[in-house]
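The analysis underlying the following values was restricted to heavy atoms, covering all of them including side chains, and did not include hydrogens, waters or symmetry mates.
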Amino acid sequence: MIHQLNPLGDAGLLCDTLMNRYPNPLDLPPAHRWHYHQGVFLLGVLRLGQTVCESSYISYVDQWIGELVGEDGSVDYTAGELDALQPANLLFHRLDVDSDGRYRRALDLLMGVLDDFPRTDQGGFWHKLKYPNQQWLDGLYMIGPLSARYSQLTGDSRWIDDAVTQAFLIADGSRDEKTGLLRHGFDRSRSAAWVRNGDMRAPESWGRALGWFPAALLDILDWMPDDHSKRDCVKDLF
């Protein structure tokens, strides 16, 4: 049987399946943690809920956020990982009802992590502290859209400019000249165990990472000013 494409319907089935399996969103694995596994899924739940005007999806996301963000805006996240910042994308929609409260404080706190996060000599964020000088395709999904939307919120263009810089550093550093595909990551210091013959790029072109990267570019474009000098360049990269 040929499956007829029905993106919103299929998304609804996926969300309903996991929400029925985990009625309490805090039980989503890894349970009771601020983690990108939940952040990626719940961002999809939120966007679906907003698109089809289904409040149960939005309430499910709000319950998770409300339990994991302290009244003072504190968040128990894993330090030293870009992945840990991705769930901050969920905070923006709460600002509509709580513009100056704990969700804005949490957002500012998490974005402040990037101010001191280590970078390569070219300005690219390390993917994790335990992977010095490595950039991964995943990293753009974790912080690129977040930075772009935070730039719009704050009016500070350095955030969107940095998101664009990261996109091109990752694309240039990971591209395989023979196939045109992007490798999963690269190590500027060429000290990773997978470096062979001086090639700083990882040996794999990983399917999931090849999804992370263009998805991130599309989200960045959503929050990028129409008159930004690099907008057409980002569209061409996509």
Point to revise | Co-membership, hydrophobic cluster, residues Leu210 and Trp212, 4.5 Å side-chain | key: no
Practice item. Check whether any side-chain heavy atom of Ser147 sits under 4.5 Å from a side-chain heavy atom of Met111, and report yes or no. Key: yes
Check your understanding: With a 4.0 Å cut-off, would you call Arg158 and Asp115 a salt bridge?
Key -> yes
Check your understanding: Is there side-chain contact between Leu169 and Phe125, with heavy atoms separated by less than 4.5 Å?
Key -> no
Review point. Got a second to check how far Leu46's CG is from Leu42's CG, nearest 0.5 Å?
Key: 8.5 Å
Check your understanding: Taking the side chain from Asp187 and the backbone from Ala192, do they hold a donor-acceptor pair closer than 3.5 Å?
Key -> yes
Point to revise | Verdict with supporting geometry, Thr120 and Phe186, side chain to side chain contact (heavy atoms under 4.5 Å, CB included) | key: CA-CA 11 Å; Thr120 68; Phe186 56 94; 5.8 Å; no
Point to revise | Main-chain N/O of Arg119 paired with Trp126 side-chain donor or acceptor, under 3.5 Å | key: yes
Exercise for review: Compare all side-chain heavy atoms of Arg104 with those of Leu95 and state whether any distance is below 4.5 angstrom.
Suggested key: yes
Exercise for review: Only counting residues at least two apart or in another chain, list the ones meeting side chain to side chain contact (heavy atoms under 4.5 Å, CB included) with Ala167.
Suggested key: Leu140, Leu217, Leu237
Check your understanding: When Ile, Leu, Val, Met, Phe, Trp and Tyr are grouped by side-chain heavy atoms lying under 4.5 Å apart, directly or through other members, which residues fall in the same group as Trp194?
Key -> Val195
Check your understanding: Under the 3.5 angstrom rule, does the side chain of Ser151 hit a backbone N or O of Asp156 as a donor-acceptor pair?
Key -> yes
Point to revise | Ile220 side chain reached by Gln166 side chain, heavy atoms, under 4.5 Å | key: no
Check your understanding: Quick one: does Arg94's side chain get under 4.5 Å of Leu107's, heavy atoms only?
Key -> no
Exercise for review: Over all heavy atoms of both residues, which pair between Arg105 and Glu71 is shortest? Give the atoms and the distance, please.
Suggested key: NH2-O, 2.9 Å
Practice item. To the nearest 0.5 angstrom, please state how far the CG atom of Asn6 sits from the CG atom of Leu8. Key: 7.0 Å
Study note, to complete from the structure: Separation between CZ (Arg190) and CZ (Arg201), nearest 0.5 Å, reads 9.5 Å
Check your understanding: To the nearest 0.5 Å, what is the distance between CD (Gln135) and CZ (Arg188)?
Key -> 6.5 Å
**Study point:** Any Trp64 side-chain heavy atom under 4.5 Å of Leu90 side chain
**Key:** yes
Revision key, fill the gap. Heavy-atom nearest pair, Met200 first then Gly173, reads CE-O, 3.7 Å
Review point. Just by distance, do the side chain of Arg149 and the backbone of Asp222 share a donor-acceptor pair under 3.5 Å?
Key: no
Review point. Under a single-linkage definition using a 4.5 Å side-chain heavy-atom cutoff for Ile, Leu, Val, Met, Phe, Trp and Tyr, are Met142 and Phe238 assigned to the same hydrophobic cluster?
Key: no
Exercise for review: Kindly determine whether Phe92 and Tyr103 satisfy side chain to side chain contact (heavy atoms under 4.5 Å, CB included), including the steps that lead there.
Suggested key: CA-CA 8 Å; Phe92 288 99; Tyr103 299 110; over 6 Å; no
Practice item. Considering non-hydrogen atoms only, spot the tightest contact between Ser174 and Leu137 and give its length. Key: OG-CD2, 3.6 Å
Revision key, fill the gap. Taking every heavy atom of His93 against every heavy atom of Asp62, the minimum-distance pair comes out as NE2-OD1, 2.7 Å
Less than 3.5 Å apart, which donor and acceptor atoms pair up between the side chains of residues 74-82 and the rest of the protein, not counting sequence neighbours?
{"unit_1": "Ser74", "atom_1": "OG", "unit_2": "Asp72", "atom_2": "OD1", "d": "2.7"}

**Study point:** Nearest heavy atoms of Ser191 and Ser189, plus distance in Å
**Key:** OG-OG, 2.7 Å
Check your understanding: If every non-hydrogen atom of Tyr60 is compared with every non-hydrogen atom of Phe41, which pair is closest and at what distance?
Key -> CE2-CE2, 4.4 Å
Review point. When rounded to the nearest 0.5 angstrom, what is the spacing between CD in Gln86 and CG in Leu146?
Key: 8.5 Å
Practice item. Measure from the side-chain N and O atoms of Arg231 to the backbone N and O of Asp226, and report whether any donor-acceptor pair falls under 3.5 Å. Key: no
Distance-only donor-acceptor hits, side chain of residues 13-31, under 3.5 Å, sequence neighbours excluded:
{"unit_1": "Asp16", "atom_1": "OD1", "unit_2": "Tyr57", "atom_2": "OH", "d": "2.7"}
{"unit_1": "Thr17", "atom_1": "OG1", "unit_2": "Leu13", "atom_2": "O", "d": "2.7"}
{"unit_1": "Asn20", "atom_1": "ND2", "unit_2": "Asp16", "atom_2": "O", "d": "3.0"}
{"unit_1": "Asn24", "atom_1": "OD1", "unit_2": "Leu26", "atom_2": "N", "d": "3.0"}

Check your understanding: Can Ile170 be reached from Tyr141 by stepping across I, L, V, M, F, W or Y side chains whose heavy atoms are under 4.5 Å apart?
Key -> no
Exercise for review: Flag the pair Leu68 / Gln38 as yes when at least one side-chain heavy-atom distance between them is below 4.5 Å, and no otherwise.
Suggested key: no
Check your understanding: Is a donor on one side and an acceptor on the other found under 3.5 Å between the side chain of Arg175 and the backbone of Gly180?
Key -> yes
Exercise for review: Compare all side-chain heavy atoms of Tyr36 with those of Asp138 and state whether any distance is below 4.5 angstrom.
Suggested key: no
**Study point:** From CG (Asp232) to NZ (Lys235), nearest 0.5 Å
**Key:** 5.5 Å
**Study point:** ILVMFWY clustering at 4.5 Å (side-chain atoms), partners of Trp136
**Key:** Tyr131
Revision key, fill the gap. Contacts satisfying ring-ring contact (aromatic ring centres under 6.0 Å, His included) that involve residues 215-234 (not counting sequence neighbours) are none
Review point. Could you go step by step and tell me if Asp219 and Asn89 meet the side chain to side chain contact (heavy atoms under 4.5 Å, CB included) rule?
Key: CA-CA 11 Å; Asp219 284 351; Asn89 285 283; over 6 Å; no
Exercise for review: Determine, using the 4.5 Å side-chain heavy-atom cutoff (strictly less than), whether Ile143 and Phe213 are members of one ILVMFWY cluster.
Suggested key: no
Check your understanding: Applying the 4.5 Å side-chain criterion to the ILVMFWY set and letting contacts propagate, would Leu153 and Ile160 be lumped into a single cluster?
Key -> no
